[in-house]
Amino acid sequence: MTEPTLPAKALLPLVPSQGSPAQPADGSPLAGIRYVEVETSRYCNRTCSWCPNGHTDARRIQQLMDWQVFTKITAELGAAHFEGFFAFHNYNEPLANPRLREEIAQVHLDAPGAKPAIYTNGDLFNRDILEQMREDGVKYLRITRYPHRSAVLPTYEALRRWLARTKLDTPDLLWKFTEVRQGLAATWTDQAGGLKVEVIRPSIETYNDRGGTAAVLQVAPARTAPCQMTATSLSVDYRGQVKMCCNVVPEGAQHHEYVVGTVAEHSLAELWHHPVMADWRGRHARSDWSRSPACKTCVQALPETRR
């Protein structure tokens, strides 16, 4: 059977929404989504070589997501009774966003079932911010303490030094030290509020090249394992563009075709169920990268928060 030909670029040929999108058979307009990544700000304070930010100046200035676009996202998630994780990041540093606490409050207001999640490099983190996160009802906090050089291996001692420097090595915070997929971690859970904190010292050699936009130590073999990213996660950049997945870097010429459309013009449901996304979803489930060549060397595993 001949497969349908898709456009070279995945920018949607849809007419802007005139009303509510058609409901899928199971009644949920955002069926399958367990994790939403909304890049509510642009700036990152680091330029790591193993990240696309190390090869572009695109993240050296701050720009906040349009508030109307942001609240459109939160309102639609609330209407869909979304109960997964809502992360305020992608290639940005969320703690550099002066509006972050207001955004967290808006998520609680519009989508009360959602679980706010913060992913940060920790450079701007301290004990006061931890207390703010607990007060604001954040449910997951991942602090990735990147080394200055990619060849540096993770150690528990490096984690302990950082905990001491940020005044997090106190008796009321009982840290557990363990191995994780990314390297080594110190973990703590606030039983009262349900906040889980992971401070990770990563092994950069496990990182992927983000579809050819980042420099990593190892060259990954062609991927043979299926990918569920397009079936379980929704990624929106600071311009309100919905992307194939979080690894897409629209600034790169090789990734422009992986932008599906904009939240300003379409509903999340229209973007999530668009034929282009559905085609990627089906192909990725059977390890077919013919419509998304950037996926061939990606070794991204589903983050623990999506379980």
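Throughout, numbering of the chain's residues begins at 1 and tracks the sequence.
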Chemist: Taking atom CG of Leu163 and atom CG of Leu173, what is their separation to the nearest 0.5 Å?
Modeler: 9.0 Å
Chemist: Side chain to side chain contact (heavy atoms under 4.5 Å, CB included), that's the test. Do Tyr146 and Asn121 meet it? Break it down for me.
Modeler: CA-CA 7 Å; Tyr146 299 103; Asn121 59 40; 4.1 Å; yes
Chemist: List for me each residue that meets ring-ring contact (aromatic ring centres under 6.0 Å, His included) alongside Phe82, sequence neighbours excluded, and say none if there are none.
Modeler: none
Chemist: Got a sec, which residues hit side-chain hydrogen bond (donor to acceptor under 3.5 Å, both in side chains) with Ser235, two or more places apart in sequence or on another chain?
Modeler: none
Chemist: Please state whether the rings of Trp175 and Trp188 are parallel, tilted or perpendicular, taking 30° and 60° as the class boundaries.
Modeler: tilted
Chemist: Kindly indicate whether the side chain of Pro226, heavy atoms from C-beta on, has any atom under 4.5 Å from the side chain of Arg286.
Modeler: no
Chemist: With a 3.5 Å cut-off and no angle check, do the side chains of Asp237 and Asn90 form a donor-acceptor pair?
Modeler: no
Chemist: Would Thr144 and Gln182 satisfy side chain to side chain contact (heavy atoms under 4.5 Å, CB included), going step by step from the backbone distance to the final call?
Modeler: CA-CA 9 Å; Thr144 306; Gln182 303 91 340; over 6 Å; no
Chemist: Side chain to side chain contact (heavy atoms under 4.5 Å, CB included) between Trp289 and Cys227: does it pass, once the steps are laid out?
Modeler: CA-CA 10 Å; Trp289 320 121; Cys227 179; 4.0 Å; yes
Chemist: Check for a donor-acceptor pair, side chain of Thr120 on one end and backbone N or O of Gly122 on the other, with a separation under 3.5 Å.
Modeler: yes
Chemist: Answer whether the closest heavy-atom distance between the side chains of Glu39 and Arg239 falls below 4.5 Å.
Modeler: no
Chemist: For Pro171, which residues count as a side chain to side chain contact (heavy atoms under 4.5 Å, CB included) partner, sequence neighbours excluded?
Modeler: none
Chemist: Is the shortest heavy-atom distance from the side chain of Arg291 to the side chain of Val276 under 4.5 Å?
Modeler: no
Chemist: Distance alone, cut at 3.5 Å: any donor-acceptor contact between the side chains of Thr297 and Arg223?
Modeler: no
Chemist: Please determine, by modelled atom types, if Asn92 and Ser41 share a side-chain donor-acceptor pair under 3.5 angstrom.
Modeler: yes
Chemist: Could you state the interatomic distance from CG (Leu271) to CG (Leu234), rounded to the nearest 0.5 Å?
Modeler: 8.0 Å
Chemist: Please tell me whether Phe125 and Tyr43 are part of a single hydrophobic cluster in this structure, the criterion being side-chain heavy atoms less than 4.5 Å apart.
Modeler: no
Chemist: From Arg59 CZ over to Tyr91 OH, what is the distance, rounded to the nearest 0.5 angstrom?
Modeler: 8.5 Å
Chemist: I need the minimum non-hydrogen distance between Asn126 and Asp128, along with the two atoms involved.
Modeler: OD1-N, 3.0 Å
Chemist: Quick one, Leu100 and Ile118 - any side-chain contact, counting heavy atoms below 4.5 Å?
Modeler: yes
Chemist: Pair Leu77, Val36 - check side chain to side chain contact (heavy atoms under 4.5 Å, CB included), show working.
Modeler: CA-CA 9 Å; Leu77 290 173; Val36 174; 4.0 Å; yes
Chemist: Could you tell me the separation between the CD1 atom of Ile73 and the CD atom of Gln106, rounded to the nearest 0.5 Å?
Modeler: 11.5 Å
Chemist: Can you confirm whether His256 sits close enough to Pro250 that some side-chain heavy atom of one is under 4.5 Å from a side-chain heavy atom of the other?
Modeler: no
Chemist: Hydrogens and angles aside, do Glu103 and Thr40 bring a side-chain donor and acceptor to less than 3.5 Å of each other?
Modeler: yes
Chemist: Taking side chain as C-beta onward, heavy atoms only, is Ser292 less than 4.5 Å from His284?
Modeler: yes
Chemist: Taking the side chain as everything from C-beta on, heavy atoms only, tell me whether Val197 gets closer than 4.5 Å to Leu195.
Modeler: yes
Chemist: Checking Ala58 now: which residues fulfil side chain to side chain contact (heavy atoms under 4.5 Å, CB included) with it, not counting sequence neighbours?
Modeler: Arg42, Thr56, Glu251
Chemist: Taking Trp272's backbone N and O only, do any of them form a donor-acceptor pair with Arg281's side chain (distance below 3.5 Å, no angle check)?
Modeler: yes
Chemist: Applying side chain to side chain contact (heavy atoms under 4.5 Å, CB included), can you list everything that pairs with His108, at least two apart in sequence or on another chain?
Modeler: Ile104, Pro116
Chemist: Taking ring-ring contact (aromatic ring centres under 6.0 Å, His included) as the test, write out the residues that go with Phe88, two or more places apart.
Modeler: Phe86
Chemist: I'd like to know if the side chain of Asn97 and the backbone of Arg99 have a donor-acceptor N/O pair within less than 3.5 Å.
Modeler: yes
Chemist: Just by modelled atom types, is the Pro98 backbone N or O under 3.5 Å from a matching donor or acceptor in the Gln62 side chain?
Modeler: no
Chemist: Under a 4.5 Å side-chain heavy-atom rule over Ile, Leu, Val, Met, Phe, Trp and Tyr, are Leu124 and Met133 clustered together?
Modeler: yes
Chemist: Could you pull out all residues at least two apart from Arg145 that satisfy salt bridge (charged side-chain N to carboxylate O under 4.0 Å, His left out)?
Modeler: Asp123
Chemist: Using salt bridge (charged side-chain N to carboxylate O under 4.0 Å, His left out) as the criterion, list what pairs up with Asp190, not counting sequence neighbours.
Modeler: Arg134
Chemist: Asp172: which residues meet the salt bridge (charged side-chain N to carboxylate O under 4.0 Å, His left out) condition with it, sequence neighbours left out?
Modeler: Arg127
Chemist: Within the supplied structure, the quantity of interest is the number of heavy atoms (other residues, nucleotides, ligands) at a distance under 6.0 Å from Gln132 CD; does it exceed 12?
Modeler: yes
Chemist: Crowded around Arg149 CZ? As in, over 12 foreign heavy atoms under 6.0 Å?
Modeler: no
Chemist: I'd like to know if the side chain of His273 reaches the main chain of Pro29, judged simply by a donor and an acceptor atom lying under 3.5 Å from each other, with no hydrogens or angles considered.
Modeler: yes
Chemist: Within this structure, what is the CE-OH distance for the pair Met229 and Tyr35, rounded to the nearest 0.5 Å?
Modeler: 8.5 Å
Chemist: Can you find a side-chain donor-acceptor pair between Tyr140 and Glu198 that sits under 3.5 Å?
Modeler: yes
Chemist: Are Tyr119 and Tyr238 linked, directly or through intermediate hydrophobic residues, by side-chain heavy-atom contacts shorter than 4.5 Å (ILVMFWY only)?
Modeler: no
Chemist: Quick one: list whatever passes side chain to side chain contact (heavy atoms under 4.5 Å, CB included) with Glu76, sequence neighbours left out.
Modeler: Lys72, Ser267, Leu268
Chemist: For Val69, is there any backbone N or O sitting under 3.5 Å from a side-chain donor or acceptor partner on Asp66?
Modeler: yes
Chemist: Looking only at atom types and distance, does a side-chain atom of Tyr258 sit under 3.5 Å from a main-chain N or O of Ala294, one as donor and one as acceptor?
Modeler: yes
Chemist: Donor-acceptor pairs are to be reported for all side-chain atoms of residues 153-162 against protein atoms at under 3.5 Å, with residues two or more places apart or in another chain.
Modeler:
| from | atom 1 | to | atom 2 | distance (Å) |
| --- | --- | --- | --- | --- |
| Thr155 | OG1 | Ala158 | N | 3.1 |

Chemist: Kindly say whether Val248 contributes a backbone atom to a donor-acceptor pair with the side chain of Lys243 at under 3.5 angstrom?
Modeler: yes
Chemist: Compare all side-chain heavy atoms of Phe70 with those of Val107 and state whether any distance is below 4.5 angstrom.
Modeler: yes
Chemist: Nearest 0.5 Å, please: how far is CZ in Arg181 from CD1 in Ile200?
Modeler: 8.0 Å
Chemist: Can you tell me if Arg60 uses its side chain to pair, donor with acceptor, with the backbone of Cys44 under 3.5 Å?
Modeler: yes
Chemist: Checking Lys139 side chain against Gly193 main chain: does a donor-acceptor pair fall under 3.5 Å?
Modeler: yes
Chemist: Mind checking what makes salt bridge (charged side-chain N to carboxylate O under 4.0 Å, His left out) contact with Glu135, not counting sequence neighbours?
Modeler: Arg101
Chemist: Is Leu109 linked to Trp67 within one hydrophobic cluster, defined over Ile, Leu, Val, Met, Phe, Trp and Tyr using a side-chain heavy-atom separation of less than 4.5 Å?
Modeler: no
